[in-house]
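Below: the structure, in structure tokens.
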Amino acid sequence: MAAVAASRTVSVGSGLRGLRRTLPLVVILGATGTGKSTLALQLGQRLGGEIVSADSMQVYEGLDIITNKVSAQEQRICQHHMISFVDPLVTNYTVVDFRNKATTLIEDIFARDKIPIVVGGTNYYIESLLWKVLVNTKPREMNTEKVIDLKVELEKEDGHALHKRLSQVDPEMATKLHPHDKRKVARSLQVFEETGISHSECLHRQHAEEGGGPLGGPLKFPNPCILWLHADQTVLDERLDKRVDDMLAAGLVEELRNFHRCYNQKKVAENSQDYQHGIFQSIGFKEFHEYLTTEGKCTPEISNQLLKKGIEALKQVTKRYARKQNRWVKNRFLSRPGPSVPPVYGLEVSDVSKWEESVLEPALEIVQSFIQGRKPAATPIKMPCNETENKRSYHVCDLCDRIIIGDREWAAHTKSKSHLYQLKKRRRLDSDAVTTLGSQSISPERDKELKEKGSSGRNDQELKSSI
């Protein structure tokens, strides 16, 4: 249905009369603070498009400042969708719910011969609109009044126990997931228990579909136009710090205080607060937990210190999140070639004084090229990739008692200070053992046993191979 809607051909206006076009799905990617919403608004105005937010926190009512929602005035200038329609007390709104509603909206926008402009945001929300990557499951009904969310129930259990269960029903997926990643482990168990098919098998079937590939199933819409806003990291860090200061000036603290009183204060009193689900996991809310829960119960000096602590934490976590968003773009689009990975056009946004010539004008040219069915003058961004790298390989470090997922992460771990310390400690213990054994009389049977255990005479290469 989506592919049909997206492939509608319509006549271009009087400037290009008689030419037929295929409307693109415009997707604006970029770290927080790069100006995605601004560009989306400008493109929407000039191209007659409508904006679809792909931010997992903006779907909830409330916390407008901290989630950086566009203003009511901006929403009047250009039609926005998927903003402030979920009750803040709902904690089981999922990416599947988002995908279903947003896909229907995009199809409707195409049906009205307009261009949908997806802007975000949240990585897996965007992926759900670009590719067939989700597995549908249905909640179990305990009775007519209560619906059980199996994933939420599973997440209450011990992570290692869940991982052990997953290894029994879906060993392939279990080797790709860390036992501490309880959410993903619970999700894979949910897929198996509610569909009867292992999660890995469901994904294999998606990949095998026509147009699918190693990253997922086929594209949901046939003509995606992807723009990536990126900036120098130092410049972006400074911009994000300033944005937090601007949020404070706009009334951030009062917004947090009111939201806490309305929705979280009772939960805290009952020790049932949950900063892992729903809007309560929003960056910028849980960072102020100490300040909000002790306000009026401590001295003004301590309260002020806790406020400053929350502000600093917000700045730090925002900058970390920006880096995470950029890594996702690089890993998912730029360094993972494949038939279902569309080209990405980069736009440098470090110097906002050059926004018109460096960002807006190139973006318009690229989108117009897609509309007119021609190749953009701009060159898509590409990054060298290591096609042999396994991002889901499973490694166990006995020295550090850790499980590491991914070749790159394993290589980094073996070079880390903590690992090298444990390696040095092991070598020292082995050396001491050899010295002790050399001064004692050992029976032939005991000597053979020690050698079999590798406790004597191990060189560095043998030691490394055992880690």
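Residues take their numbers from the sequence shown, with the count starting at 1.
- Residues passing the side-chain contact (heavy atoms from CB on, under 4.5 Å) test with Arg320 are Gln316, Val317, sequence neighbours excluded.
- Separating the CG atom in Asn326 from the CG atom in Leu236 is a distance of 7.0 Å, to the nearest 0.5 Å.
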Exercise for the section: Step by step, work out the salt bridge (Lys or Arg N to Asp or Glu O under 4.0 Å) result for Lys101 and Asp97. Expected result: CA-CA 6 Å; Lys101 183 176 178 66; Asp97 298 320; over 6 Å; no

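- A pairwise comparison of heavy atoms in Asp170 and His199 identifies OD2-N, 3.1 Å as the closest pair.
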Handout entry: Pair Leu130-Ile226, side chain to side chain contact (heavy atoms under 4.5 Å, CB included): steps then yes or no
Key = CA-CA 10 Å; Leu130 283 173; Ile226 301 181; 4.1 Å; yes

Problem - Step-by-step side chain to side chain contact (heavy atoms under 4.5 Å, CB included) determination, Leu252 to Leu314 - result: CA-CA 12 Å; Leu252 172 62; Leu314 174 56; 3.9 Å; yes

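- Using a 4.5 Å heavy-atom cutoff, the side chains of Ile117 and Val367 are not in contact.
- Between Gln368 and Leu47, the closest side-chain pair of non-hydrogen atoms falls below 4.5 Å.
- Here Lys242 does not pair with Glu238 in a salt bridge; the nearest charged N to carboxylate O distance is not below 4.0 Å.
- Between the side chain of Ser350 and the backbone N or O of Asp232, at least one donor-acceptor pair lies under 3.5 Å.
- By the 30° and 60° cut-offs, the orientation of the rings of Phe110 relative to Phe221 is tilted.
- For the atom pair NE2 of His413 and NE2 of His395, the computed distance is 10.5 Å after rounding to the nearest 0.5 Å.
- Thr34 pairs by the side chain to side chain donor-acceptor pair (under 3.5 Å) definition with nothing, not counting sequence neighbours.
- Atoms CG and CZ, on Leu292 and Arg257 in that order, are 8.0 Å from each other to the nearest 0.5 Å.
- Taking the six-membered ring where the residue is Trp, Phe259 and Phe280 present tilted rings, their angle falling between 30° and 60°.
- Between Lys308 and Glu312 there is no salt bridge, since no side-chain N of the basic residue sits under 4.0 Å from a carboxylate O of the acidic one.
- Side-chain atoms of Leu43 and Leu227, non-hydrogen and from C-beta on, do get closer than 4.5 Å to each other.
- Under the 3.5 Å distance criterion, the side-chain polar atoms of Gln58 are matched with a main-chain donor or acceptor of Asn68.
- Under the ring-ring contact (aromatic ring centres under 6.0 Å, His included) criterion, Phe288 pairs with no residue at all, not counting sequence neighbours.
- In this structure, the side chains of Arg332 and Leu29 stay at 4.5 Å or more apart for every pair of heavy atoms.
- The 12-atom threshold is exceeded at CD of Gln273, counting heavy atoms of other residues, nucleotides or ligands nearer than 6.0 Å.
- Side-chain atoms of His163 come within 3.5 Å of backbone atoms of Leu177 as a donor-acceptor pair (strictly under, hydrogens ignored).
- Here the side chains of Asp274 and Lys267 are not in contact, with every heavy-atom distance at 4.5 Å or above.
- With hydrogens and angles left out, the side-chain atoms of Arg243 and Thr318 include no donor and acceptor closer than 3.5 Å.
- Below 30°, between 30° and 60°, or above 60°: for Trp131 and Phe333 the angle between ring planes is between 30° and 60°, a tilted geometry.
- Counting heavy atoms from C-beta on, the side chains of Lys220 and Arg99 come closer than 4.5 Å.
- Here the side chains of Tyr291 and Leu256 are not in contact, with every heavy-atom distance at 4.5 Å or above.
- Side chain of Gln45 to main chain of Ile77: no donor-acceptor pair is present (N/O by atom type, distance under 3.5 Å, no hydrogens or angles).
- More than 12 heavy-atom neighbours from other residues, nucleotides or ligands sit within 6.0 angstrom of CD on Glu254.
- Note on Glu365 versus Arg374: salt bridge recorded, some NZ/NE/NH1/NH2 to OD/OE distance being below 4.0 Å.
- The only member of Lys286, Glu287, His289 that meets side chain to side chain donor-acceptor pair (under 3.5 Å) when paired with Tyr275 is His289.
- Summarising the geometry of Cys225 relative to Pro24, their closest heavy-atom pair is CB-CB, 4.2 Å, with the distance given to 0.1 Å.
- Summarising the local packing, OH of Tyr421 is surrounded by 12 or fewer heavy atoms from other residues, nucleotides or ligands at distances under 6.0 Å.
- Salt-bridge annotation for Asp181 and Arg187: absent, with no side-chain N of the basic residue lying under 4.0 Å from a carboxylate O of the acidic one.
- Residues Phe98 and Ser128 come closest through the heavy atom pair CD2-OG, 3.9 Å.
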